[in-house]
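Okay, so here's the structure we're looking at.
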Amino acid sequence: IGYSTIWLARAAGAEAEVHYSDGSHENAQRARAYFDRAGVASRIHVHVGDALTALASVSGAFDLIFNDVDKDGYPAVLDAVPDRIKTGGLFVTDNTLWHGRVLDPHEATDRAVRLFNQRLFGSPHFYATQLPIRDGVSIGIRLADVDR
């Protein structure tokens with residue numbers, strides 16, 4: 001809980017502002033304790049509840065958004081983030097191979113991850129690639145908007 005956030009906060013540096021969201025109050029409390037132990041708590045804003053609600057509550061654009069919400073929510077996250085990431089910024093999503101189930105989806109969650117992948121790679125907002133490490137990590141680089 002919060003492991004990725006600790007590494008992102010360390011990489012971003014002391015002046016960075018990092019936002020972490022968790023749907024569980026208990027998990028958020030555990031994450032806060034880990035952030036404190038890692039020495040990065042002062043730069044992390046913890047939000048409890050829905051991640052998209054947390055995103056909407058914060059103004060401005062981000063250099064990076066790391067997506068690891070419940071997999072059913074991946075398509076909704078993709079809808080919300082293009083206008084929230086700076087041109088050249090990164091949209092990183094974990095678990096995009098989803099144990100290989102994206103190749104033959106049977107469950108709603110499998111189909112949501114597959115739909116997310118299809119839409120990310122077809123998006124005019126991102127140049128995307130997928131790294132086949134662990135359970136798959138997709139990285140989208142935010143492109144400049146072009147009037148068509």
Side-chain angles (χ1 to χ4, degrees), residues 1-25 27-28 31 34-35 38 40-148:
I1 296 173
Y3 183 75
S4 299
T5 304
I6 290 169
W7 285 104
L8 290 170
R10 286 178 172 165
E15 301 301 316
E17 180 178 305
V18 177
H19 293 264
Y20 167 90
S21 68
D22 202 302
S24 162
H25 180 73
N27 286 349
Y34 294 139
F35 300 157
V40 295
S42 64
R43 64 185 93 147
I44 299 174
H45 301 272
V46 176
H47 303 269
V48 178
D50 177 70
L52 290 176
T53 301
L55 178 64
S57 75
V58 178
S59 63
F62 293 88
D63 295 309
L64 182 144
I65 292 179
F66 179 71
N67 175 30
D68 193 19
V69 301
D70 291 336
K71 306 313 169 242
D72 291 338
Y74 274 21
V77 172
L78 183 58
D79 290 339
V81 300
D83 293 335
R84 301 304 308 273
I85 299 176
K86 296 175 184 174
T87 298
L90 300 176
F91 177 43
V92 180
T93 301
D94 200 14
N95 307 117
T96 55
L97 290 176
W98 198 233
H99 312 289
R101 294 192 303 250
V102 294
L103 298 174
D104 186 23
H106 293 286
E107 304 292 326
T109 302
D110 306 342
R111 290 187 292 277
V113 176
R114 182 178 182 150
L115 176 62
F116 170 86
N117 287 332
Q118 291 169 334
R119 291 184 51 217
L120 175 65
F121 282 88
S123 173
H125 303 291
F126 295 101
Y127 175 80
T129 191
Q130 188 177 64
L131 304 175
I133 54 176
R134 294 200 47 207
D135 200 18
V137 175
S138 290
I139 301 171
I141 299 171
R142 179 66 166 97
L143 302 172
D145 286 325
V146 177
D147 292 335
R148 296 179 188 243

Output for pair (Ile139 CD1, Gln130 CD), nearest 0.5 Å, gives 10.0 Å
Sorted by chain and number, sequence neighbours left out, side chain to side chain contact (heavy atoms under 4.5 Å, CB included) with Ile133 holds for Leu131, Val137
For Ala112 and Pro75, the nearest pair of non-hydrogen atoms, with its separation, is O-CG, 3.6 Å
Review point. Taking atom CD of Gln118 as the centre, does the number of heavy atoms from other residues, nucleotides or ligands within less than 6.0 Å exceed 12?
Key: yes
Residues at least two apart in sequence or cross-chain that pass side chain to side chain contact (heavy atoms under 4.5 Å, CB included) with Thr87, listed by chain then number, are Ala144
Test item: Val81 and Leu55 side chains (from C-beta on) under 4.5 Å apart, heavy atoms: yes
Sorted by chain and residue number, the salt bridge (Lys or Arg N to Asp or Glu O under 4.0 Å) partners of Arg43 (sequence neighbours excluded) come out as none
Those residues at least two apart in sequence (or on a different chain) that pass salt bridge (Lys or Arg N to Asp or Glu O under 4.0 Å) with Asp72 are none
Chi angles and distances behind the side-chain contact (heavy atoms from CB on, under 4.5 Å) call for Thr96, Lys71 | CA-CA 9 Å; Thr96 55; Lys71 306 313 169 242; over 6 Å; no
Rounded to the nearest 0.5 angstrom, the CD1-OH distance for Ile1 and Tyr34 is 6.0 Å
Hits for side chain to side chain contact (heavy atoms under 4.5 Å, CB included) against Arg10, two or more places apart or cross-chain, chain-then-number order -> Ile6, Trp7, Ala38, Val40
For Asp50, the salt bridge (Lys or Arg N to Asp or Glu O under 4.0 Å) test, sequence neighbours excluded, returns none
The reported gap from CG in Asn95 to CZ in Phe116 (rounded to nearest 0.5 angstrom) is 11.0 Å
Applying ring-ring contact (aromatic ring centres under 6.0 Å, His included) to His45 and not counting sequence neighbours gives His19
Residue pairs passing the salt bridge (Lys or Arg N to Asp or Glu O under 4.0 Å) test with at least one member in residues 112-138, sequence neighbours excluded, are Asp79-Arg119
Nearest heavy-atom approach of Asn117 to Ser138 is OD1-OG, 4.0 Å
The salt bridge (Lys or Arg N to Asp or Glu O under 4.0 Å) partners of Asp94 (sequence neighbours excluded) come to none
Over 12 foreign heavy atoms within 6.0 Å of CG, Asn27
yes
Residues at least two apart in sequence or cross-chain that pass side chain to side chain donor-acceptor pair (under 3.5 Å) with Asp110, listed by chain then number, are Trp98, Arg101
Contacts satisfying ring pair (Phe, Tyr, Trp, His ring centres under 6.0 Å) that involve residues 122-142 (not counting sequence neighbours) are Phe91-Phe126
Identify every side-chain donor-acceptor pair in residues 56-66 under 3.5 Å, counting partners at least two apart or on other chains, and give the distances.
residue, atom, partner, partner atom, Å
Ser57, OG, Ala54, O, 2.7
Asp63, OD1, Lys86, NZ, 3.3

Closest non-hydrogen atoms of Ala28 and Val48, given as atom of the first, atom of the second and distance, are CB-CG2, 3.6 Å
- [ ] Kindly indicate whether the side chain of Leu52, heavy atoms from C-beta on, has any atom under 4.5 Å from the side chain of Val77.
- [x] yes
Q | side-chain contact (heavy atoms from CB on, under 4.5 Å) assessment of Tyr74 paired with Asp68 | A | CA-CA 8 Å; Tyr74 274 21; Asp68 193 19; 3.7 Å; yes
Minimal heavy-atom distance between Gly2 and Tyr20, with the atoms involved, is CA-CE1, 3.9 Å
